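Worksheet: the structure to be examined is printed underneath.
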Amino acid sequence: MREEYSLLLAVASGCLIFLITVGFAFWQSPEILSAAVESGAAVPHPLAGRSRCDGCHGPAGEIPYPLRHLGWSNASCTKCHPADH
């Protein structure tokens, strides 16, 4: 009886942790549910000599990016923001 209760408690706790994790993921990134990833705005300036996007676009930069961009590398910027120059 005791082992059965412990097992049920562990399974219920695991399911609760999973549901909370999924809830926070959707809350932070609601675009997860969208069918296609939309491209961001094109980069309006030349990229020559500007390899570090976060130099100007960090959270405290001259033109800050949204908080959901935190943690992305500089190399990933041009995957969504095409460079026209």
Side-chain angles (χ1 to χ4, degrees):
M1 177 80 173
R2 203 171 203 178
E3 291 86 19
E4 184 178 325
Y5 176 74
S6 296
L7 178 64
L8 289 175
L9 182 61
V11 169
S13 298
C15 289
L16 183 61
I17 290 170
F18 175 75
L19 290 174
I20 289 172
T21 302
V22 168
F24 276 115
F26 284 126
W27 179 38
Q28 183 171 354
S29 301
E31 67 274 2
I32 290 174
L33 295 174
S34 62
V37 175
E38 297 177 18
S39 291
V43 178
H45 56 75
L47 294 179
R50 297 177 177 168
S51 62
R52 299 206 40 97
C53 299
D54 60 1
C56 295
H57 300 287
E62 188 177 319
I63 303 171
Y65 51 67
L67 290 178
R68 66 177 184 213
H69 284 57
L70 283 174
W72 291 92
S73 68
N74 285 299
S76 66
C77 296
T78 54
K79 290 181 181 177
C80 295
H81 300 280
D84 288 340
H85 303 287

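Nothing here was measured: the structure is a model prediction, and the numbers come from that model.
Summarising the geometry, atom CH2 belonging to W72 is positioned 7.5 Å from atom NZ belonging to K79; distances are rounded to the nearest 0.5 Å. Here NE2 of H57 is found 8.0 Å from SG of C77. Values are rounded to the nearest 0.5 Å.
Put simply, I17 and L9 are part of two different groups of oily side chains (I, L, V, M, F, W, Y) that touch within less than 4.5 Å, one to the next. Cluster membership for V11 and L16, using ILVMFWY side-chain heavy atoms within less than 4.5 angstrom, is not shared.
Residue V43 comes nearest to A83 through the heavy atom pair CB-CA, 4.3 Å, listed as atom of the first residue, atom of the second, then distance.
Side chain of D54 to main chain of N74: no donor-acceptor pair is present (N/O by atom type, distance under 3.5 Å, no hydrogens or angles).
Using a 4.5 Å heavy-atom threshold, the side chains of P66 and H69 count as touching.
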